[in-house]
Structures are given as C-alpha cells and as structure tokens.
Amino acid sequence: MTVEECIKQSEEALSKQFALVDEISEYNQEKVLKAFNKHSIAIRHFNPSTGYGYGDEGRFVLGDVFAQSLGAEMGIVSPALLSGTHALTVALFGVLRTGDSVLSVSGMPYDTIRGVIYGEGNGSLKDFGISFDCVDLDENGKFNKAQIEKDVRRLGDSLKMIYIQRSRGYELRDAFTVAEIGEICDFVRSLGFNGCIFVDNCYGEFVEKQEPCDVGADVAVGSLIKNPGGGLAPTGGYIVGKEKYVDLIGRRLTAPSIGNEVGSYAYGWRLFYQGLFMAPHTVNQAIKGSLLIGKCMETLGYENFPKLDKTPADITRAIRFNTAKQLCDFIQSVQEASPVDSFVTLEPWDMPGYDNKVIMAAGCFVEGASIELSADAPVKEPYTAYFQGGLTYEHCKYALKRILAKLL
C-alpha cells in the first residue's frame with residue numbers, strides 16, 4: 001500500500017466521523033457568535049491598556065464572553081496566566097484553605113501539577129496544609145464510583161473539592177466525555193458533597209457541544225495556547241465557573257483586596273477575541289487530523305487511542321511504539337513537517353515539571369502551543385507518543401504523509 005492509498009482509504013472510512021465533527025463545530029461556532037453578539041463586541045474592546053488597567057472594558061468583557069461560551073457564570077481571561085499549569089495553580093490556591101481536603105476522582109493528575117500538589121518546601125498545597133487524595137480509575141479507565149463513595153465519606157467535612165482531569169495526560173486512558181463528567185458530578189452531589197467540583201479542561205474545549213460547567217462543574221480551567229485560543233492567542237489562560245469561586249480565584253491572581261479590578265495588557269485584546277472566534281473551527285481541524293492519523297496508524301498495525309469507533313473527547317491521540325527509537329523517529333517526523341524549526345534535530349531532555357526525559361515536537365508559531373500540530377512523549381516504557389493539534393487539516397495531512405513515508 002502506498003502512502004496516498006492509505007490516506008485516501010482512511011478518509012473514506014472516516015466520512016461519518018468527519019460529518020459528526022462538522023456538526024459539532026457548527027454548533028459551537030454559533031454558540032461563540034451568540035456570546036459575541038450578546039455582549040456587543042466592538043473595536044473598542046480590542047484596545048490596549050496600561051498600568052493598573054482600571055476600567056479596561058476589553059478585559060472585563062472578554063471574561064464574560066468566555067464564560068458564556070463555556071457554560072459558566074463568570075470568567076477570568078488573562079495573559080498573566082502563563083500556562084495551563086499556572087492557571088490551575090492559581091485556581092486551586094484561590095479556592096482552597098489550610099485544613100481542606102481535595103479528592104481527585106480521575107486518578108493521579110498530570111506530571112506538571114504534581115509538584116504544585118505534593119512538593120516539599122516549594123509553596124505547594126501540601127506546604128499549606130491542604131491534603132490531596134487520588135482515586136485510581138477502574139480496570140476500564142473509568143470513574144471508580146465505589147471507591148469514590150468510600151473516600152467522600154471518609155474525608156467528611158474536610159472535603160472541599162472534587163478534582164477531575166478531563167484529558168489523558170501521559171496515561172493510556174481515553175479523555176472523559178462531558179457526559180461522563182456530568183454523571184460523576186451528579187454522583188458526588190448525591191453523596192451529599194456540596195463543595196467545589198473543579199475540572200482541568202485542557203485539550204477538551206469545543207470538542208463536544210457541551211462543556212463541564214454545562215453539566216455541573218463549578219470551575220473549569222484551561223490554557224489559551226490550546227483549544228480556546230484558536231491558534232491566535234499569544235499566551236494566557238482562562239478560569240470560568242460559579243461567580244463565588246471565580247471571585248475568590250481573582251483575589252489570588254492579583255491580591256485579596258483588589259481581585260478582578262486590575263489587569264492591563266499593553267498589546268491589546270484582539271488576538272484573544274479573534275482566537276476564541278476561530279476556536280470551534282480550529283478544533284474541528286485538529287480532531288479530523290487526529291482521526292486521520294489514528295486510522296492510518298491502525299491500518300499499519302500501531303495501537304492508538306481513542307479507538308476509532310468513538311468520537312474523541314479531546315484533541316490528543318496516544319500512539320504506541322515498540323522501541324524508544326520508533327517513538328523518537330515519529331516525534332522527529334512531526335518536527336520535520338512543521339512550519340517553524342523544521343530543520344531541528346530533536347533530543348530528549350529534562351523538561352521542567354516532568355519525571356522522565358521528554359522529547360517534544362513543537363515547530364509552532366506560538367512557543368509550546370499544542371493546538372498547533374505537535375507531539376511529545378516521555379521516553380519510557382510503554383513507548384507512547386501523544387499527538388495533538390493542527391491549525392489546518394491540510395497541515396495534518398501533509399505531516400501524516402511524512403510520517404507514513406518514514407514508517408513504510
């Protein structure tokens with residue numbers, strides 16, 4: 001089979017999945033447009049601000065538009081949130097207090113947040129007397145309700161937060177669907193829990209018609225150099241949710257006495273608004289690219305997740321290899337097909353916040369933007385590459401040709 005034959009056959013086999021992805025993106029585009037229209041977005045909202053940023057209408061309204069688009073009451077969108085991990089950290093410290101307990105019902109969180117939770121002497125939650133327990137997923141990679149119930153009852157009144165990581169991280173499980181998140185929200189409420197349900201929403205925005213805050217989550221957090229920035233936002237993160245929680249979080253982002261009243265950005269807000277406008281379509285392109293590479297890799301005998309009989313719940317795809325060399329060759333192929341730094345030879349390195357050496361292809365216009373075509377992996381067994389993004393389906397297809405040519 002030639003590369004062209006493999007791709008053509010895979011596209012034909014995926015026609016129904018592609019049609020569903022198109023339906024979802026059309027729905028989400030309308031949802032975002034309605035948020036823009038409701039808040040009467042105008043050129044003045046793009047204006048820069050300096051200093052304290054008092055009365056910065058662009059900043060205030062951007063939070064409102066994000067909140068409505070993501071099913072929430074209130075939102076913070078800020079370039080001062082430097083990454084998804086930073087946005088999560090600010091949100092956690094905004095809500096939690098000494099003596100509180102957190103229960104992660106989605107297993108151990110992603111590598112870069114572990115130091116925030118369990119670090120020693122670095123200003124972690126543990127240093128501030130906040131405990132963080134994890135419930136392992138069941139044998140099918142789903143929420144373990146029996147164990148969750150036991151831990152909710154064991155922690156009692158100290159339990160102030162249920163933590164859910166939507167995406168797989170560096171695990172071989174599927175991302176959780178919004179329906180699954182809604183079901184677990186209902187379940188913990190049925191146990192009498194009345195605290196904050198907190199969702200790490202990275203990689204999941206606009207993949208489905210609903211978002212976590214639509215189905216019972218109190219706070220959802222993500223990065224603007226992933227899905228909701230649409231490939232245009234140059235930096236930043238967002239936090240949306242119930243007003244009482246977002247207000248507390250804003251007082252941690254700035255200062256308890258100031259909250260969301262301050263925050264300037266001298267470069268203006270246009271790219272943040274425009275990125276959100278583009279996000280449903282950009283996510284559509286990334287999901288189609290993910291499905292296509294998944295189908296082609298499956299045809300060549302490479303196990304990958306999520307399985308192709310399922311609609312993806314985030315933009316990432318995990319692909320298994322037999323050796324470290326195969327893994328690194330795959331990541332290198334993605335780099336070679338990038339518009340930026342295609343000439344770079346990648347090497348695994350000790351990336352901050354990770355337990356193992358990581359190799360990362362990120363030939364992106366915005367440094368580290370994983371809504372752009374990228375791939376990364378910890379170099380350890382089982383050798384699994386995590387592929388995500390793609391601003392255009394055409395770029396995903398071009399990269400796939402390069403990858404398949406090397407594999408074949």
Side-chain angles (χ1 to χ4, degrees), residues 1 3-32 140-142 166-168 172-182 201-212 214-215 226-228 230-231 278-320 330 334 337 370-375 384-401 403-404 407:
M1 179 184 295
V3 168
E4 288 74 17
E5 288 170 342
C6 183
I7 291 176
K8 186 174 185 297
Q9 290 176 16
S10 295
E11 285 181 317
E12 291 171 353
L14 290 167
S15 59
K16 290 184 178 179
Q17 288 98 317
F18 281 7
L20 178 58
V21 173
D22 287 342
E23 177 189 325
I24 292 169
S25 66
E26 288 176 19
Y27 179 92
N28 285 327
Q29 187 70 73
E30 182 176 336
K31 180 169 63 174
V32 170
N140 298 313
K142 301 300 180 183
R166 182 173 176 178
S167 191
R168 64 170 49 82
L172 279 178
R173 67 162 175 88
D174 288 343
F176 290 112
T177 66
V178 173
E180 289 173 323
I181 291 171
N201 203 29
C202 287
Y203 301 102
E205 300 90 350
F206 302 119
V207 173
E208 300 183 66
K209 292 182 179 180
Q210 289 185 300
E211 298 290 336
D214 288 314
V215 296
K226 297 183 174 68
N227 303 22
M278 290 296 300
H281 175 70
T282 305
V283 170
N284 168 291
Q285 301 290 280
I287 291 292
K288 286 183 176 178
S290 171
L291 288 168
L292 182 63
I293 191 169
K295 184 64 176 176
C296 288
M297 296 300 286
E298 181 182 78
T299 299
L300 296 184
Y302 291 89
E303 186 178 23
N304 66 95
F305 308 88
K307 295 299 185 184
L308 294 165
D309 58 350
K310 300 178 181 178
T311 302
D314 73 352
I315 65 167
T316 70
R317 178 161 298 278
I319 305 170
R320 293 281 299 274
F330 173 85
V334 175
S370 44
I371 187 58
E372 299 187 45
L373 190 69
S374 54
T384 307
Y386 297 86
F387 177 94
Q388 62 271 322
L391 297 179
T392 70
Y393 177 70
E394 291 80 7
H395 183 205
C396 296
K397 193 170 175 179
Y398 171 76
L400 180 56
K401 289 178 181 178
I403 292 165
L404 294 178
L407 292 176

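Because the structure is a prediction, the values reported are computed rather than measured. Numbers for residues simply follow the sequence, beginning at 1.
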message: Is there a side-chain contact (heavy atoms from CB on, under 4.5 Å) between V178 and K209? Walk through the geometry before answering.
response: CA-CA 9 Å; V178 173; K209 292 182 179 180; over 6 Å; no
query: Should T177 and T311 be marked as a side-chain contact (heavy atoms from CB on, under 4.5 Å) after you check the CA-CA gap, both sets of side-chain angles, and the distance that decides it?
result: CA-CA 9 Å; T177 66; T311 302; over 6 Å; no
- prompt: Can you list the steps and then say if R320 with L172 is a side-chain contact (heavy atoms from CB on, under 4.5 Å)?
  reply: CA-CA 9 Å; R320 293 281 299 274; L172 279 178; 3.3 Å; yes
message: One pair to check against salt bridge (Lys or Arg N to Asp or Glu O under 4.0 Å): E298 and K295. What are the steps and the verdict?
response: CA-CA 5 Å; E298 181 182 78; K295 184 64 176 176; 3.6 Å; yes
task: With salt bridge (Lys or Arg N to Asp or Glu O under 4.0 Å) as the test, would you mind laying out the steps for E205 and K226 before giving the verdict?
output: CA-CA 9 Å; E205 300 90 350; K226 297 183 174 68; over 6 Å; no
- request: Check step by step if side-chain contact (heavy atoms from CB on, under 4.5 Å) holds for T392 and K397.
  value: CA-CA 9 Å; T392 70; K397 193 170 175 179; over 6 Å; no
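Separation of the F18 and Y393 ring centroids falls under the 6.0 Å cut-off.
Seen from the ring of F305, K307 counts as a face-on cation partner, given the 6.0 Å and 45° thresholds.
S10 contributes atom OG, which lies 11.0 Å from atom CE of M297 (distance to the nearest 0.5 angstrom). To the nearest 0.5 Å, atoms CG (L300) and SG (C6) are separated by 5.0 Å. To the nearest 0.5 Å, atoms OH (Y302) and CD1 (I319) are separated by 10.0 Å. Between the CD1 atom in I371 and the CD atom in Q285 there is a gap of 10.0 Å [rounded to 0.5 Å]. Within the model, atoms CG of N304 and OH of Y386 stand 12.0 Å from one another, a figure rounded to the nearest 0.5 Å. Rounding to the nearest 0.5 angstrom, the gap separating the CD atom in Q29 from the CG atom in D22 is 12.5 Å.
Under the 3.5 Å distance criterion, the side-chain polar atoms of H395 are matched with a main-chain donor or acceptor of A337. A distance-only check finds a donor-acceptor pair linking the side chain of R173 to the backbone of S167 [under 3.5 Å]. Put simply, the side chain of R317 never gets that close to the backbone of I293: no donor and acceptor are under 3.5 Å apart. Side chain of N140 to main chain of K142: no donor-acceptor pair is present (N/O by atom type, distance under 3.5 Å, no hydrogens or angles). Judged purely by atom type and a 3.5 angstrom limit, E372 has no side-chain atom pairing as donor or acceptor with the backbone of G389. N28 places no side-chain N or O within 3.5 Å of a backbone atom of S25 that could act as its donor or acceptor partner.
Residue P312 comes nearest to V207 through the heavy atom pair O-CG1, 3.2 Å, listed as atom of the first residue, atom of the second, then distance. Closest non-hydrogen pair, L291 versus L14, comes out as O-CD1, 3.5 Å. Residues Y203 and D314 come closest through the heavy atom pair O-CB, 3.2 Å. Scanning both residues, A313 and A175, for their nearest heavy atoms gives CB-O, 3.7 Å. Smallest separation of non-hydrogen atoms from P212 and N201: CG-OD1, 3.4 Å. For the residue pair A399 and L373, the shortest heavy atom distance occurs at CB-CD2, 3.3 Å.
By the 4.5 Å heavy-atom criterion applied to side chains, L292 and C396 are not counted as neighbours. Between T299 and M1 there is a side-chain heavy-atom pair separated by less than 4.5 Å. Residues I7 and C296 form a side-chain contact, since some pair of their non-hydrogen atoms from C-beta on lies under 4.5 Å apart.
With K8 as the partner, the side chain to side chain donor-acceptor pair (under 3.5 Å) test is satisfied by one option alone out of E5, E12, E11: E12.
For the residue pair S374 / Q388, a side-chain donor-acceptor distance below 3.5 Å is found, with atom types taken as modelled.
A search for side chain to side chain donor-acceptor pair (under 3.5 Å) contacts involving N227 returns nothing, not counting sequence neighbours.
Around atom CD of E303, more than 12 heavy atoms belonging to other residues, nucleotides or ligands sit under 6.0 Å away.
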